[in-house]
A.B. asks: 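What follows is a single structure, and I will ask about it in a moment.
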Protein chains: 2
Amino acid sequence: MIEAAAINAVMRTLADPTRRAVFERIVGSDEITVVELTRGSGVTQGAISQHLKSLKQAGLVAERAQGRNVFYRAQPEGLAPLVDWMSHYGVFWHDRFADLRTLLKEIDP
Amino acid sequence: MIEAAAINAVMRTLADPTRRAVFERIVGSDEITVVELTRGSGVTQGAISQHLKSLKQAGLVAERAQGRNVFYRAQPEGLAPLVDWMSHYGVFWHDRFADLRTLLKEIDP
DNA sequence: CTAATACATTAGCCAATACTAATTAATTGG
DNA sequence: CCAATTAATTAGTATTGGCTAATGTATTAG
């Protein structure tokens, strides 16, 4: 059975456009600081920190503190619940491949 | 480039647990009416209709009116934006397969 | 024809939440 | 040191959004 709480957290976290944009920028860069994320985000630094907290709680990002900087990086495994959900309820894919996860494991064991 | 509006709609729509549950039930059944969806949903019929409206606007479900009943069915293509997004920003899968969509097309052309 | 059923829609309420502005804490450069 | 930089946190505000209750509309049963 699928972990309802995990999917809930991930979906809910990625639903907000601003927060999703933050995540996308983190994914796009190896590591990135809060100031850099704030730059051109359209919101204040405080708002960015709040979004980062949500992303962290959802398991989508990880942090590394160094000096007065905090570097954020993407935590890809955090998207696993979404993949699971897709393979279960994504009819289109489900119909074609029965189980996406199984398929992927076969390809890359 | 990815259609930001489409992803936004799909993510936002699936973020709510009640609405997602409705979608999952629709996926699970070939066709299902509003009364059936209301039964055991924990919310009123009006709420269900509202959720169905959202799901329809997001392109996730389609309807077929017959007499005084309206049958809803899943529209799998509606999840395409989510798949696209995953293949772009789902680092885990991205790293392993470069492009999930390409992979799937190779398997089932 | 009338009552009941199925569904959509609306107004109004309440909780959740994204944002700002301000504060705090920690680190570093001059 | 001291001022500046980086980041987190908090209180307060405004908006969003999901819910109910009620109403409206169409269809079917008796």
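Here is how names work: the chains are called A, B, and so on, in the same order as the sequence lines, proteins then strands, and each is numbered from 1. All values below were derived from every heavy atom in this structure, side-chain atoms included, with hydrogens, water molecules and symmetry-related copies excluded.
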A.B. asks: Who passes side chain to side chain contact (heavy atoms under 4.5 Å, CB included) against B:A6, sequence neighbours left out?
C.D. replies: B:E3, B:P81
A.B. asks: I'd like to check the side chain to side chain contact (heavy atoms under 4.5 Å, CB included) partners of A:R19; sequence neighbours left out, ordered by chain and number.
C.D. replies: A:R12, A:T13, A:D16, A:H51, A:S54, A:L55
A.B. asks: Could you check which residues of residues 11-21 of chain B get a heavy atom under 4.0 Å from DNA chain D? Sort them by number, please.
C.D. replies: B:R12, B:D16, B:T18, B:R19
A.B. asks: Identify, with sequence neighbours excluded, every residue that meets side-chain hydrogen bond (donor to acceptor under 3.5 Å, both in side chains) alongside B:T44.
C.D. replies: none
A.B. asks: Quick one: which residue pairs count as a salt bridge (charged side-chain N to carboxylate O under 4.0 Å, His left out) with a foot in residues 40-51 of chain A, not counting sequence neighbours?
C.D. replies: none
A.B. asks: What pairs meet the salt bridge (charged side-chain N to carboxylate O under 4.0 Å, His left out) rule with one or both residues in residues 37-62 of chain B, with sequence neighbours excluded?
C.D. replies: B:K56-B:E63
A.B. asks: Does A:A62 have any side chain to side chain contact (heavy atoms under 4.5 Å, CB included) partners at least two apart in sequence or in another chain, and if so, which?
C.D. replies: A:R73, A:Q75
A.B. asks: Restricting to nitrogen or oxygen on both sides, can you table the protein-nucleotides 1-5 of chain D pairs closer than 3.5 Å?
C.D. replies:
residue : atom : partner : partner atom : Å
D:dT5   : O4'  : A:R68   : NH1          : 3.3
D:dT5   : O2   : A:R68   : NH1          : 3.2

A.B. asks: Between C:dA6 atom C1' and B:I32 atom CD1, what is the distance in whole Å?
C.D. replies: 14 Å
A.B. asks: Could I get the full list of side-chain hydrogen bond (donor to acceptor under 3.5 Å, both in side chains) partners for A:E36, not counting sequence neighbours?
C.D. replies: A:T33
A.B. asks: Taking DNA chain D as the partner, which of residues 41-59 of chain B come within under 4.0 angstrom of it by heavy atom?
C.D. replies: B:G42, B:V43, B:T44, B:A47, B:Q50, B:H51
A.B. asks: Check side-chain hydrogen bond (donor to acceptor under 3.5 Å, both in side chains) between B:S49 and all other residues, then give those that pass, not counting sequence neighbours.
C.D. replies: B:Q45
A.B. asks: Classify A:Y72 by what it touches in the nucleic acid, base, sugar-phosphate, or nothing, heavy-atom distance under 4.0 Å.
C.D. replies: sugar-phosphate
A.B. asks: Let me confirm one number: the CD1-CG distance from B:I26 to B:L60, rounded to the nearest 0.5 Å.
C.D. replies: 9.0 Å
A.B. asks: Can you pull the side-chain hydrogen bond (donor to acceptor under 3.5 Å, both in side chains) pairs that have at least one residue in residues 20-29 of chain B, sequence neighbours excluded?
C.D. replies: A:N8-B:R20, A:W85-B:E24
A.B. asks: For the pair made of CG in A:N69 and C1' in C:dA25, what is the distance, rounded to whole Å?
C.D. replies: 15 Å
